[in-house]
> 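Next up is a structure, given as structure tokens.
Each ligand, and each atom within it, is numbered from 1 in the order the structure gives.
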Amino acid sequence: MNIVCYDAHTFEKEFLLNAAAGKHEIRFLKLQLTPETVDLAHDAEAVLLFVNDEGSAPILEKLHALGIRYIALRSAGYNHIDLAKAKELGMRVANVPAYSPYAVAEHTVALMLALNRKLAKAHNRIRESNFSLTGLVGFDMNGKTAGIIGTGKIGAIVAKILHGFGCKLLGYDLYPNPTLTEHYGLKYVDIPTLCKESDIITLHTPLIESTKYLINEQTLDLMKTGVMLINTSRGGLVKTSAVLAGLKSGKVGYFGIDVYEEEKGLFFYDRSNQILQDEILAQLMVLPNVLITSHQAFLTDTALRNIAETTFESINAWAEGKESPNELTLSAKASAS
Ligand code: NAD
């Protein structure tokens with residue numbers, strides 16, 4: 001098949017080429033799919049899209065007019081694709097339903113540990129031959145209460161890891177997982193109780209209407225002073241301006257994020273030669289108790305291999321005139337990233 005891969009990143013190319021196994025012609029584009037770049041998909045039958053590519057109705061119509069019949073998403077989430085329009089046009093869309101919940105869960109815990117033990121500050125000091133320990137006091141994870149909001153694939157692994165540290169576990173989910181209660185002592189509670197009793201709060205629900213700004217002035221008010229907040233799920237779960245106010249007042253003791261509500265156009269790219277226009281992010285970046293990574297929680301070799309292999313599982317099926325096992329239907333619920 002002739003394939004155009006939009007928003008291709010250096011970190012994934014090798015994995016995609018290996019998974020394609022020389023069976024397909026792939027044109028890699030650094031550009032995202034937008035109304036301005038859609039024409040670049042001419043001559044292709046399929047496009048590979050990433051999380052920030054635009055799959056709106058007008059763009060799908062244009063892709064269809066160019067001869068594109070297949071869209072393989074290199075992500076689990078598909079909230080950026082108009083599935084109804086794709087169906088109407090007879091275009092097949094597939095995603096990567098799961099690639100490695102371990103990657104995201106382990107990064108979540110890495111943020112907790114790095115913030116707690118002030119690893120970024122310590123590392124910078126050592127590079128300047130400053131071997132002082134002043135200001136580097138952390139806390140034992142053992143015995144602390146961790147509140148996990150969303151105990152699906154990723155949240156459950158976070159629970160298991162934190163149980164290993166000796167944390168007490170609280171959880172909130174629409175669908176409680178009895179195994180976590182039975183084997184790891186996780187107690188399901190409501191959001192106010194979780195906020196009031198947790199020393200660490202970590203977010204693992206999808207971003208949907210009911211979870212937008214789950215962390216806001218009211219929920220922050222309920223939390224312990226000095227709480228550690230971690231978000232590796234979706235930026236929109238957190239009202240960042242409210243957390244910034246909480247950091248300034250001391251209510252929030254630590255803030256670790258891999259996602260940010262205004263990350264589009266920033267995260268994944270080198271913007272070091274530009275002036276950052278986002279005032280909230282600029283303030284967060286200089287606070288000593290904030291740790292930000294740019295949506296890299298998924299970035300392990302295992303996850304990249306799984307993403308590439310699942311993507312080409314779909315492409316290979318389509319090339320043989322079959323259905324892909326990862327095809328999305330309109331009834332599918334919007335979920336991951
Ligand atoms: P999952 O579907 O396995 O788990 C999500 C859990 O959230 C489910 O148990 C579900 O019942 C629960 N949930 C849904 N709506 C809820 C609500 N309103 N209140 C409480 N709980 C609710 O998903 P997952 O694979 O564990 O992924 C979790 C999130 O992680 C994804 O939605 C995605 O946004 C994020 N993610 C981030 C990265 C990254 O690189 N940072 C990578 C993959 C996924």
> Does the ring centre of Tyr260 sit less than 6.0 Å away from the ring centre of His295?
no

> Between Ala46 and Met1, which heavy-atom pair has the shortest distance, and what is it?
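For Ala46 and Met1, the tightest heavy-atom pair comes out as CB-SD, 3.8 Å.
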
> Apply the test salt bridge (Lys or Arg N to Asp or Glu O under 4.0 Å) to residues Arg92 and Glu327: give CA-CA distance (whole Å), side-chain angles for both, the deciding distance (0.1 Å), then the verdict.
CA-CA 7 Å; Arg92 315 268 280 267; Glu327 250 164 73; 2.9 Å; yes

> Is it the case that over 12 heavy atoms from other parts of the model lie below 6.0 angstrom from the CD atom of Glu217?
yes

> Ignoring hydrogens and angles, state whether a donor on the side chain of Thr302 or Ser100 is under 3.5 Å from an acceptor on the partner side chain.
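Thr302 vs Ser100: no donor-acceptor pair found between side chains.
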
> Check this for me - ligand 1, Ser233, N or O atoms closer than 3.5 angstrom, yes or no?
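Between Ser233 and ligand 1 (N or O atoms, distance only) the closest approach is under 3.5 Å.
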
> Using a 3.5 Å cut-off on N or O atoms only, is Tyr172 in polar contact with ligand 1?
no

> Is there a heavy atom in Pro101 that sits closer than 4.0 Å to ligand 1?
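It does not; every heavy atom stays at 4.0 Å or beyond.
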
> Are any of the N or O atoms of Ile154 closer than 3.5 Å to those of ligand 1?
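The answer is yes, given that Ile154 and ligand 1 share an N or O pair closer than 3.5 Å.
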
> So do the side chains of Leu89 and Glu61 get within less than 4.5 Å of each other, counting heavy atoms only?
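Leu89 vs Glu61: side chains touch.
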
> Run the numbers on Gln296 and Asp258 for side chain to side chain donor-acceptor pair (under 3.5 Å), then give the verdict.
CA-CA 7 Å; Gln296 73 172 72; Asp258 186 54; 5.9 Å; no

> Compute the minimum heavy-atom distance from Leu174 to ligand 1 and say whether it is under 4.0 Å.
yes

> Output the list of atoms in ligand 1 that are nearer than 4.0 Å to some heavy atom of Pro206, sorted by atom number.
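Within the 4.0 Å cut-off of Pro206, ligand 1 contributes 5 (C), 7 (O), 13 (N), 14 (C), 32 (O).
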
> Given Arg74 and Asp7, is the salt bridge (Lys or Arg N to Asp or Glu O under 4.0 Å) satisfied, shown in steps?
CA-CA 10 Å; Arg74 310 183 322 273; Asp7 202 13; 5.7 Å; no

> If you count the atoms of ligand 1 from 1 in the order shown, which ones are under 4.0 Å from a heavy atom of Thr211?
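Per the distance check, 17 (C), 18 (N).
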
> Below 4.0 angstrom from a heavy atom of Arg234, which ligand 1 atoms are there? Numbered from 1 as shown, please.
34 (O)

> Regarding ligand 1, does Thr151 bring an N or O atom to under 3.5 Å of one of the ligand's N or O atoms?
no

> Need the ligand 1 atom indices (1-based, order shown) with element for anything under 4.0 Å from a heavy-atom of Asp258.
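Under 4.0 Å from Asp258, ligand 1 has these atoms: 39 (C), 40 (O), 41 (N).
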
> Which ligand 1 atoms are under 4.0 Å away from a heavy-atom of Ser210?
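Under 4.0 Å from Ser210, ligand 1 has these atoms: 18 (N).
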
> Need the ligand 1 atom indices (1-based, order shown) with element for anything under 4.0 Å from a heavy-atom of His295.
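The atoms of ligand 1 under 4.0 Å from a heavy atom of His295 are 39 (C), 40 (O), 41 (N).
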
> Relative to the heavy atoms of Tyr175, which atoms of ligand 1 are at a distance of less than 4.0 Å?
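Taking each heavy atom of Tyr175 in turn, ligand 1 has 11 (O) under 4.0 Å.
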
> Check for a donor-acceptor pair, side chain of Thr37 on one end and backbone N or O of Gln32 on the other, with a separation under 3.5 Å.
yes

> Give the numbers and elements of all ligand 1 atoms closer than 4.0 Å to a heavy atom of Val104.
38 (C), 42 (C), 43 (C)

> Looking at non-hydrogen atoms alone, which of His204, Lys153, His107 comes nearest to atom 1 (P) of ligand 1?
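Result: the heavy atom closest to atom 1 (P) of ligand 1 is in Lys153.
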
> Between CD of Glu261 and CG of Asp278, what distance do you get to the nearest 0.5 Å?
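Rounded to the nearest 0.5 Å, the CD-CG separation comes out at 8.5 Å.
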
> For ligand 1, find out whether one of its N or O atoms is nearer than 3.5 Å to an N or O atom of Tyr99.
no

